[in-house]
Amino acid sequence: MSMTGFNIEKIRADFPVLAQKVHNKPLVYFDNGATTQKPLAVIDVVNRYHSELNSSIHRGVHFLSDQATNAYENARREVQHYINAKESHEIIFTSGTTGSINMLAFSFGERYIRPGDEIIITEMEHHANIVPWQMLCERKGSKLKVIPFNDLGILQIEKLSELITEKTKLISVTHISNTLGTINPIREIINIAHRHNVPVMIDAAQSIQHARIDVQELDVDFLVFSGHKVYGPTGIGVVYGKEKYLEELPPYQGGGDMVDEVTFEKTSYNVLPFKFEAGTTNYIGAIGLSAALQYIEDIGIAKIAAYETEVLNYGTQQMEELGYIRIYGRSPQKASILCFGIEGVHMADAGMIFDKLGVAVRIGSHCAQPVWQHFGMTGALRASIALYNTKEEIDYLCKAIRQVKTMLG
Ligand code: PLP
């Protein structure tokens with residue numbers, strides 16, 4: 001049991017992958033920012049649907065198709081409930097955060113962006129929340145503007161009001177940075193944006209698993225996330241959008257299920273949410289995602305956040321005590337991400353030795369090159385914490401760092 005009363009042994013037993021050895025050492029998995037492991041609750045439901053209930057949704061008139069369709073639409077309602085969306089048709093299933101942002105960049109761009117218009121993002125975005133907007137700007141002759149962060153990794157929110165002009169059409173911001181761990185003040189950003197009648201998209205890829213999100217309370221216009229980062233399957237993601245926008249946006253992809261009537265002269269489109277779900281969707285992925293969200297709800301997101309903060313703070317303190325670690329991202333509002341460098345040691349060499357010791361961390365830019373351009377470097381090591389990580393694993397990581405430093409530093 002931890003200080004926050006979290007039954008960690010029981011939780012770890014839910015994740016079979018954690019029990020294995022890597023290079024003959026117990027696996028210490030600290031690459032959760034990239035993807036999280038799956039609990040049995042998710043593995044079992046995905047297996048069951050593949051082995052007993054697999055059938056294409058929305059199309060069949062037979063038993064299996066009916067069962068799969070019901071489960072898929074229940075999964076949509078689970079997501080609706082999880083983020084407290086007003087309507088279930090405000091939930092669109094996609095392939096992941098990247099798929100979600102590309103969909104919005106296309107559809108929002110087609111509907112609202114004209115030459116000279118401006119879109120605001122931040123300096124700490126993942127490439128998925130930079131490149132689709134850049135591509136849109138190239139297509140439309142519009143402009144990307146950037147809210148900078150300071151050397152502690154805190155967003156310079158005071159600059160936002162200066163950046164907004166009459167040409168600003170959208171602000172798209174990450175809730176939690178995947179490199180700096182900074183929890184951005186999204187409520188404040190949304191309030192400022194709305195005072196200028198500018199809608200906001202929140203990238204919740206790194207927050208959906210760590211923080212309570214209530215889209216109605218936030219009054220956010222769009223929110224996106226991936227299933228695989230929240231203990232669900234890969235290849236499934238979500239766009240939440242306010243009905244008033246989704247109704248106005250044109251479809252992103254054409255094909256089956258997104259249509260009402262098709263002739264060679266003209267096609268009319270299906271109602272929400274199907275207008276945005278062309279083709280055979282990843283329905284088993286959606287059902288698995290729903291099981292993952294239920295798993296989190298059973299434990300309680302507040303408990304999870306408190307426990308992860310305890311482990312993060314412990315990790316920060318232990319690394320600082322080593323005396324030769326630089327941690328990137330020192331915002332007091334921080335979650336679950338520890339990006340760091342070891343003085344005198346190249347990250348790639350450290351990562352290789354960590355691997356031999358059974359420790360999975362990530363090295364590189366973490367798909368956020370502008371963050372490292374800010375610090376004049378190419379990247380860092382990253383240990384990212386999930387609900388099943390322990391302080392003992394932090395101790396083991398620090399032991400591995402000491403070994404690396406002795407060998408290479
Ligand atoms: N946004 C953030 C903040 C992320 O951390 C990531 C993945 O690391 C993404 C977007 C892209 O997510 P995906 O690869 O699941 O589409």
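From a predicted model like this one, the values you see are computed outputs, not experimental measurements. Start at 1 and go down the list; that is how both ligands and their atoms are numbered.
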From Arg195, Lys242, Lys86, Arg187, residue fulfilling salt bridge (Lys or Arg N to Asp or Glu O under 4.0 Å) relative to Asp219: Lys242

Lys405 to Tyr324, cation-pi by 6.0 Å centre distance and 45° axis angle: yes

Neighbouring protein residues of ligand 1 - any heavy atom closer than 4.0 Å: Gly33, Thr97, Thr98, His126, Ala128, Thr174, Asn178, Asp203, Ala205, Gln206, Ser226, His228, Lys229

Electrostatic pair Glu118-Lys145, nearest N-O below 4.0 angstrom: yes

Backbone of Glu110 reached by a side-chain donor or acceptor of Arg139 within 3.5 Å: no

Flag, side chain of Tyr283 to backbone of Gly285, donor-acceptor distance under 3.5 Å: no

Geometric cation-pi criterion Lys275 and Tyr269, 6.0 Å radius, 45° cone: no

